[in-house]
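The structure appears right after this line, and notes come after that.
None of these values were measured; they are calculated from a predicted model. Side chains included, hydrogens not; waters and symmetry mates left out as well; all remaining heavy atoms used. Residue numbers start from 1 in every chain, and the chains themselves are labelled A, B, ... in the order their sequence lines are given, proteins ahead of strands.
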Amino acid sequence: MRYTFKQLEYFVAVAECGTIAGAAEKVHVSPPSISVAIAQLEEALEVRLFVRQPSGLQLTDAGSEVLSHTRALLEKAHGLQDFSGLAKGELRGKVTLGSFITLAPLVLPEICQSFAERHPAVSIELLEGSQDQLIGYLRRGIIDLAITYEMHIPQDLWFEPLAGLPPVVMVDANHRLATMSSVDIKELEGDPYILLDLPISRDYFLSIFEKSGVSPNVRMKTTHFEVVRSMVANGIGVSIGVVRPVNNAALDGKPIVSVPISNPLPVLNIGVLSRRSDFSQLASALKKQIQQLVTPSHVPGMTPL
DNA sequence: GTCCGAGATTTCCTTGTGGG
DNA sequence: CCCACAAGGAAATCTCGGAC
């Protein structure tokens, strides 16, 4: 064998980043090391893996073919490393967990802490994103699992629901609805609405209005959940959310009131999204840990339902 | 046409490791 | 201990696209 695993790892990094510089940063070596490794790998395999372009490197058809074989090979190699740990009664290695961006600050600390206590030799890498980003990360093998919502799950991935979260209306403490025990969506008609403008998520929130025959008065759009909460807390508008952080205040300290919705709306399930196959020991262990922590009666970081 | 910046590659050097 | 080799970093150089 005239190539090395290190060359293969650098090859995958370049394929994923699209540039030598990006790959170098990713694997923590200098660009020349990557460049040399790719050249050596191409020589060893006697195949052109990349087309060099001014903006970076683009995979050739042969390179794409080699990439899928390389990923499978590295996956098996990592599996062997996991197995060596298992033989000694412990898991070791690296697992990458994705999280829907609004859930991350609430659920990840407890998951990471408990998993680290149980499997100290395993390192967890985290990657947050919107639903479509997480789906892409899973398909490309960048993450092993994702904790997210049951929204637009494609056929090639597998979602396991763990808890159902009913949507609630968020208003500021002085809002006329703040003291209500529940609210009808129709009562939001005319109120300025702050929209969490993430792909797929925005469709979910707008569909709540659509089902109630109300058109929302969208005043502002933002891709950051904490910005939504700050706008609401400062009385700039109202919003709808499904996460209810234990801390019911925005980052500036102003309180947010969550009011249940009286309309019959389906709960939004939170759960684990994964590939249907290609499941490592580490991913299984992490999934098991998440299943134990996220239950219908307890979601880390959130007030009990 | 010239300049500038981004990115890749080459050259040379240092460091670490394994074999004799 | 010495030597050979591999890996990786720093600096220099090359290539190309975009701006003026």
Side-chain angles (χ1 to χ4, degrees), chain A residues 1-99 101 104 112 116 119-130 132-144 146 197-199 222-224 278 280-283:
Chain A
M1 196 168 68
R2 293 179 295 154
Y3 58 86
T4 66
F5 274 97
K6 195 167 283 294
Q7 288 167 354
L8 295 179
E9 285 178 346
Y10 291 178
F11 165 57
V12 172
V14 173
E16 287 175 354
C17 296
T19 64
I20 296 272
E25 194 173 344
K26 184 174 182 178
V27 300
H28 309 296
V29 297
S30 67
S33 301
I34 301 286
S35 180
V36 169
I38 297 301
Q40 289 171 338
L41 186 59
E42 287 181 323
E43 192 180 337
L45 299 179
E46 297 179 343
V47 65
R48 195 74 166 165
L49 300 170
F50 295 101
V51 177
R52 273 69 170 172
Q53 293 181 329
S55 56
L57 280 72
Q58 190 175 10
L59 273 173
T60 60
D61 290 344
S64 298
E65 185 73 19
V66 172
L67 179 63
S68 64
H69 286 292
T70 300
R71 281 198 170 122
L73 189 59
L74 290 175
E75 186 74 27
K76 284 190 189 302
H78 289 140
L80 183 63
Q81 201 167 6
D82 297 348
F83 179 78
S84 68
L86 274 177
K88 289 187 286 185
E90 66 170 4
L91 284 176
R92 57 177 61 245
K94 185 192 83 176
V95 63
T96 306
L97 175 62
S99 173
I101 195 149
C112 290
H119 304 289
V122 179
S123 66
I124 304 184
E125 288 197 359
L126 304 174
L127 195 57
E128 301 80 30
S130 62
D132 59 339
Q133 284 177 319
L134 293 174
I135 289 168
Y137 293 155
L138 272 170
R139 283 176 170 159
R140 282 179 277 152
I142 295 172
I143 59 176
D144 298 292
D197 195 19
L198 292 173
T222 172
T223 56
H224 294 272
D278 181 23
S280 71
Q281 296 274 1
L282 291 179

(request) Taking only the side-chain nitrogens and oxygens of S35(A), find out if one of them lies under 4.0 Å from OP1 or OP2 of dA8(B). (result) no

(message) If you only use heavy atoms from C-beta on, which nucleotide in dT10(B), dG8(C), dG7(B) is closest to the side chain of V36(A)?
(response) dT10(B)

(request) Could you tell me whether the phosphate oxygens of dG8(C), OP1 or OP2, come under 4.0 Å of any side-chain nitrogen or oxygen in K6(A)? (result) yes

(request) Find the distance L49(A):CG to dA8(B):C1' and express it as a whole number of Å. (result) 16 Å

(message) Any heavy-atom pair between the side chains of L126(A) and E128(A) that's under 4.5 Å?
(response) yes

(request) Would you kindly give the CD1-to-P distance between I20(A) and dG8(C), to the nearest whole Å? (result) 14 Å

(message) Do F11(A) and Q7(A) make a side-chain contact, defined as non-hydrogen atoms from C-beta onward lying under 4.5 Å apart?
(response) no

(message) Please report the distance, rounded to the nearest Å, between CZ in F50(A) and P in dG7(B).
(response) 16 Å

(message) Less than 4.0 angstrom between a side-chain N/O of Y10(A) and OP1 or OP2 of dG8(C), yes or no?
(response) yes

(message) Could you tell me if the side chain of T60(A) sits less than 4.5 Å from the side chain of F50(A), heavy atoms only?
(response) no

(message) Working note: L45(A) + V66(A), criterion side-chain contact (heavy atoms from CB on, under 4.5 Å); need CA distance, chi angles, decisive distance, verdict.
(response) CA-CA 9 Å; L45(A) 299 179; V66(A) 172; 4.0 Å; yes

(request) Let me know the distance between CD1 of I34(A) and C1' of dT10(B), rounded to the nearest Å. (result) 16 Å

(request) Could you tell me the separation between the CG atom of L57(A) and the P atom of dC16(C), rounded to a whole number of Å? (result) 14 Å

(message) How many whole angstroms separate atom CD1 of I38(A) from atom C1' of dT9(B)?
(response) 13 Å

(message) From CD of Q40(A) over to P of dG8(C), roughly how many Å is that when rounded to an integer?
(response) 10 Å

